[in-house]
Amino acid sequence: TRVAQQVLQEKGQGRTLPTSIAAIADGEYVEVALLKTEKRFEGRLELVRGKPTVFLNTHGRSLDDPRVRFTLGHELGHYFMHRQLLKLSGPFHDQTFRFSAETVQREREANEFASECLLPTALVLEHLRGSVLQLSVVEALAARAQASLQATAIKVAELASARCCFFWEVDGQLMWSASSDDWRESYFPWSAWHGQRVPSQSKAAMTSDSFAEATVEKSVWCPHARD
């Protein structure tokens, strides 16, 4: 996060939303190559004739697509923080990161870099100030930042002082969740939530005139549910 904040300052970004991810790459010794392929990868950073190159798979989407923006931010995070790990010689297809047991940590760092670039902490807190934390607030922030709802919800959950948790379900399967550190129910296994009582002020309980707790099916309080 600190590296991202420094880069944003140096590039004149992070003062308003949305952030220009292209501006972050401008002036850097890195190429960005756009691909459109069905192969199952979003992006990667490699050396091409000695120069760091980000290969960005757009899947036919525009550069303004929230997922594409996050992927580019993620790969630029690797560039700014981990490029010293790139090999200096060898065949093209082998010019990849040499990750060891620290792989997960470095991927997390790249995600945090992308998150801070797209959703600068100061601007997120400004957006949330004085608002009742509910899904519409997160949706408005995501649209303003040109960030995905998932990335925005995770960022909000990290910064929220009130207990909150976001669950996303698709076709009856829990895809991901994000909760604030003070959400006391977070120690429950996600699978245990089916038919359980939910905390007050949850999306399940929230109506225009009531914050009462309720016993609900998990699908009722997941924004992408079919039911």
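Side chains included, hydrogens not; waters and symmetry mates left out as well; all remaining heavy atoms used. The first residue of the sequence shown is numbered 1, and numbering continues consecutively from there.
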Self-check item: Check against side chain to side chain contact (heavy atoms under 4.5 Å, CB included), Leu141 and Leu17
Solution: CA-CA 9 Å; Leu141 177 59; Leu17 295 174; 4.0 Å; yes

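- Contact annotation: the side chain of Val48 approaches that of Phe55 to within less than 4.5 Å [non-hydrogen atoms, C-beta and beyond].
- For the residue pair Gln105 / Arg108, a side-chain donor-acceptor distance below 3.5 Å is found, with atom types taken as modelled.
- Here NE2 of His82 is found 10.0 Å from OG1 of Thr103. Values are rounded to the nearest 0.5 Å.
- Closest heavy-atom contact between Phe41 and Asn57: O-ND2, 2.9 Å.
- The two residues Ser148 and Pro66 have their closest heavy-atom pair at N-CB, 3.3 Å.
- Judged by distance alone, with hydrogens and angles left aside, the side-chain atoms of Arg69 form a donor-acceptor pair with the main-chain N or O of Gln146 at under 3.5 Å.
- Of the possible donor and acceptor atoms, none in the side chain of Ser115 sits under 3.5 Å from a partner among the backbone N and O of Asn111.
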Practice prompt. For the pair Glu75 and Leu56, evaluate side chain to side chain contact (heavy atoms under 4.5 Å, CB included) and give the outcome as yes or no after the intermediate values.
Written response: CA-CA 9 Å; Glu75 299 306 328; Leu56 187 64; 5.5 Å; no

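- Checked by atom type, the side-chain pair His78/Glu109 shows no donor-acceptor distance below 3.5 Å.
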Which donor-acceptor pairs under 3.5 Å do side chains of residues 9-16 form with protein atoms, sequence neighbours excluded?
| unit_1 | atom_1 | unit_2 | atom_2 | d |
| --- | --- | --- | --- | --- |
| Glu10 | OE2 | Gln6 | NE2 | 3.3 |
| Lys11 | NZ | Asp26 | O | 2.7 |
| Lys11 | NZ | Glu28 | OE2 | 2.8 |
| Gln13 | OE1 | Ser20 | N | 2.9 |

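- Counting non-hydrogen atoms of neighbouring residues, nucleotides and ligands closer than 6.0 angstrom, the NZ atom of Lys36 reaches no more than 12 such neighbours.
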Under the side chain to side chain contact (heavy atoms under 4.5 Å, CB included) criterion, do Leu34 and Leu63 qualify, and how do the steps go? CA-CA 9 Å; Leu34 303 182; Leu63 290 175; 3.8 Å; yes

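- Between the side chain of Arg106 and the main chain of Met81, no donor-acceptor pair closer than 3.5 Å is present.
- The shortest side-chain heavy-atom distance between Ile24 and Val7 falls under the 4.5 Å cut-off.
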**Item:** Worked verdict on Lys155 versus Glu116 for side chain to side chain contact (heavy atoms under 4.5 Å, CB included)
**Value:** CA-CA 9 Å; Lys155 185 76 173 190; Glu116 185 64 21; 2.6 Å; yes

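- Contact detail for Ile21 and Cys117: the closest heavy-atom pair is CD1-CB, 4.3 Å.
- Judged by distance alone, the side chain of Arg83 and the main-chain N or O of Leu45 form no donor-acceptor pair under 3.5 Å.
- Here the side chains of Glu139 and Leu149 are in contact, with some heavy-atom distance below 4.5 Å.
- Here the side chain of Thr58 pairs a donor or acceptor atom with the backbone of Gly60 at under 3.5 angstrom.
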